[in-house]
Peer 1: 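Quick one: the structure is below, questions incoming.
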Amino acid sequence: LNDRSDKDLVVACRAGDRTAYAVLVKRHYEHVFWLCLGILGNLHDAEDVAQDAMLKAFVRIGTLRDGAQFRLWVAKITKSLCVNFLRRKKRGKKAVAAKVAQPDPSVPANDNLQQAIEKLPPKIRLPLVMYYFGGQSVKTVAQKLDMSSSSVYLKLRTAVKELHNLLVRQGEAE
Amino acid sequence: VSSPCERMQDRIADYVLGTLSQQEIDTLNQHIDSCPACRQYIQALDNEKRSLLHLAEELQAGMAIRQANVIEAVNRSSPSARVRVPAIWRTIMKSRITKLAGAAAIIIAILTAVHFLGSPVEGIAWADVVRPILTARTVVFDVIMAEGENVPITRVMNMGTQRVRSELLSPDGKTVQVIAIFDYDTSRMLELIPKQKTAVLIELGDMAEKPENVLETMRNTITELQNDPNVSVEPLGEKEIDGRIAKGFRATGPDGEVTVWADPQTALPIRMEQKWRQMQFVCTDFQFDIELDESLFSMEIPEGYSELPSGELPIASTTEKDLVETLRMWAEIILDKVFPEDFNGQVYVNDVNKNREKFAKLTQEQRVELGLKMGPGFIFVQLLKAENDWHYVGKDVKLDDSESPVCWYRPDGSETYRVIYGDLSVKDVAEGDLPK
């Protein structure tokens, strides 16, 4: 199964093969998770929404005409769920995500850093998350976010400087 | 400590990101040797970079657990949730009789109402729009009987042209209330009620005049209409349907009109609206050439289901007597000795729903029998052609009223009409003597 193309796996999923979907999860979840973390900024929100996105894609897999487009399609679902989540959060009604996950045992020790990341504007946070956390090259980030490499560089530069400013301010507040 | 030099901040950030050339690094080094503020800035950014990379490692380490949680959640999700439901089988399918008889009416409607799916549209757009219908191996779509609340919706799946599966869904869209599987090769229909785990295997009768199934009819009609110079087509421009831009065309033929909305990019149909004689349908959520599992079309009674006595629903050989019997049962059993306001599936489902307490005492077998007996009259009317000139005027007519006509039609090749009156007598009437 691991060698099969997304297109083949999507076909198998439509026929009810959940094992095939598990392979798609292993292949694409990480990208979905970084997208969520990049857009939402909060680790636990990102875990919840990333899971919702993968579940929604599973439920709606019958509507995906071209299985080869799974990555783009699931990214679209993810972005849409993130936007809805932020909208609800803004209204003070935090979405109740269908979370089955246990608390992540690997919560980073550096709470300050996480808080600062959460405070970054999403537009510069997303490239930062994909570049540092996802370990992706500037070129790959640019392709995935549909922007130029120079634009990604500029956002990364701004993010690095802004993150420092936030950490300094947090340090001063303490 | 003073702030880092304004002009050097970008350069230092670029250094941390690793995008500086060696020459630029050398120049930067010369500066920080003489500028403590910038030296401290570069150290801070470097430390923050290491913290980011450390956090990244920790996040990566938890990735496998997150993936496992997602897979577990997927495995725990209900298989029925995999069927997307655009709307729901809202409030009406409460009683067994509604489920069965309503299902029969809807299934019949689905069998026949697609008669005019598609129409000629100028140029490439039309050819593109109908190509999926003409060539797809499998087609799935939802059929809505009418707009508004309490509207029955069913999902129709076609495997080739010989096997069709219809599913009626629960109000929450999560469970399938009634499943009807048609196998035209063996002229059988299997009806399943998952909640009650009951199954009825129905013989469709002598198939010498085998009716076309949905997909076959769609294809034949499209081909036929493409060659008909008398069918007028009106482009409707673009509008948004469920967040998608769709391009529309309306074709008007002898038996009604058909409107097709298609994706302007892919030319795949998104929605088809049909007004055909008394019946109005909307088909939505089309999917072409998706994989459909063979088991969806199996005519075997599923494990754990009990089989109710088999019945017959003679699609191919319905007659005027069937219509009279349907009218009699509708007026006598469903309503209080009065004929319905109109003769169509929507009115029927509403009438059954309004009078559901009447059916409470019926046994399960009696309900199945009633559902099966009601069906053929609908089929008879559905199979009438434009030249049969069907008219229904039974609203407010009382059962046993021998003076008032309920409906009339002209049989194939006949010069006179057959008029059915309130007492269910049938008379031959010349066209000039038809009720005004």
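By convention in this document, chain letters (A, B, ...) are assigned in the order of the sequence lines, proteins followed by strands, and residues within each chain are numbered from 1.
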Peer 1: For the candidates B:Ile71, B:Asn47, B:Asp293, which exhibits the highest count of non-hydrogen atom pairs separated by less than 4.5 Å from chain A?
Peer 2: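 Answer, by heavy-atom pair count under 4.5 Å with chain A: B:Ile71.
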Peer 1: Could you check whether any side-chain heavy atom of A:Phe33 comes within less than 4.5 Å of a side-chain heavy atom of B:Gln67, counting everything from C-beta outward?
Peer 2: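 No, too far: nothing below the 4.5 Å cut-off.
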Peer 1: Locate the shortest heavy-atom distance separating A:Tyr132 from B:Ala56; write the atom from each residue and the value.
Peer 2: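 In this case the closest contact between A:Tyr132 and B:Ala56 is O-CB, 3.5 Å.
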Peer 1: More than 12 heavy atoms of other residues, nucleotides or ligands under 6.0 Å from CD of B:Glu300: is that the case?
Peer 2: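 Check fails, neighbour count at 12 or below.
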Peer 1: A:Leu113 and B:Leu52: which non-hydrogen atoms are nearest, and at how many Å?
Peer 2: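 Looks like CD2-N, 3.8 Å.
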Peer 1: Just verifying a value: how many Å separate A:Leu156 CG and B:Thr19 OG1, rounded to the nearest 0.5 Å?
Peer 2: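 Answer for the CG-OG1 pair, A:Leu156 versus B:Thr19, is 9.0 Å.
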Peer 1: From A:Met54 CE over to B:Asn69 CG, what is the distance, rounded to the nearest 0.5 angstrom?
Peer 2: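 Interatomic distance, A:Met54 CE to B:Asn69 CG, rounded to 0.5 Å: 13.0 Å.
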Peer 1: Rounded at 0.5 Å granularity, tell me how far CD in B:Glu291 sits from CG in A:Asp8.
Peer 2: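 These two atoms lie 10.0 Å from each other.
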Peer 1: Taking atom CD as the centre, does B:Gln22 end up with more than 12 heavy-atom neighbours from other residues, nucleotides or ligands that are less than 6.0 angstrom away?
Peer 2: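 It does: B:Gln22 CD has more than 12 such atoms within range.
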Peer 1: Which residues in residues 7-17 of chain B have any heavy atom closer than 4.5 Å to a heavy atom of chain A?
Peer 2: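 Checking residues 7-17 of chain B against chain A gives B:Gln9, B:Asp10, B:Ala13, B:Asp14, B:Val16, B:Leu17.
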Peer 1: Please check if atom NZ in B:Lys239 has more than 12 non-hydrogen atoms from other residues, nucleotides or ligands closer than 6.0 Å.
Peer 2: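 Yes, the 6.0 Å shell around NZ holds more than 12 heavy atoms from other groups.
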Peer 1: Between B:Gln60 and A:Glu30, do the side chains contain a donor N or O and an acceptor N or O under 3.5 Å apart?
Peer 2: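 The criterion, which ignores hydrogens and geometry beyond distance, is satisfied for B:Gln60 and A:Glu30.
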Peer 1: More than 12 heavy atoms of other residues, nucleotides or ligands under 6.0 Å from NZ of B:Lys49: yes or no?
Peer 2: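 More than 12 heavy atoms, drawn from other residues, nucleotides or ligands, come within 6.0 Å of this atom.
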Peer 1: Return the set of residues passing salt bridge (charged side-chain N to carboxylate O under 4.0 Å, His left out) with B:Glu48 (not counting sequence neighbours), or none when no residue passes.
Peer 2: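 Once residues adjacent in sequence are excluded, B:Glu48 has no partner under the salt bridge (charged side-chain N to carboxylate O under 4.0 Å, His left out) criterion.
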Peer 1: With heavy-atom distances below 4.5 Å as the criterion, would you say the side chains of A:Val160 and B:Leu45 are in contact?
Peer 2: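 Yes; the side chains approach each other to less than 4.5 Å.
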Peer 1: Under a 4.5 Å heavy-atom cut-off, does chain A meet the side chain of B:Leu53, its backbone, both or neither?
Peer 2: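 For B:Leu53, the side chain is the part near chain A, not the backbone.
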Peer 1: Please, which pairs that meet ring-ring contact (aromatic ring centres under 6.0 Å, His included) have at least one residue in residues 150-174 of chain A, sequence neighbours excluded?
Peer 2: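 As it turns out, the ring-ring contact (aromatic ring centres under 6.0 Å, His included) pairs with a partner in residues 150-174 of chain A, which skip direct neighbours, are A:His164-B:Tyr41.
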Peer 1: B:Ser21: which residues meet the side chain to side chain contact (heavy atoms under 4.5 Å, CB included) condition with it, sequence neighbours left out?
Peer 2: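 Side chain to side chain contact (heavy atoms under 4.5 Å, CB included) list for B:Ser21, sorted by chain: B:Gln23, B:Glu24.
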Peer 1: Give the C-alpha distance, both sets of side-chain angles, the deciding distance and a yes or no for side chain to side chain contact (heavy atoms under 4.5 Å, CB included) between B:Ile290 and A:Val11.
Peer 2: CA-CA 8 Å; B:Ile290 63 167; A:Val11 168; over 6 Å; no
Peer 1: Quick one: does B:Met63's side chain get under 4.5 Å of A:Trp34's, heavy atoms only?
Peer 2: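 Heavy-atom side-chain distance check passes, below 4.5 Å.
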Peer 1: Over all heavy atoms of both residues, which pair between B:Val74 and A:Arg18 is shortest? Give the atoms and the distance, please.
Peer 2: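 Where B:Val74 meets A:Arg18 most closely, the heavy atoms are O-NH1, 2.8 Å.
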Peer 1: Decide yes or no for B:Leu59 and A:Leu43: does some side-chain heavy atom of the first lie under 4.5 Å from some side-chain heavy atom of the second?
Peer 2: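 A side-chain contact under 4.5 Å exists here.
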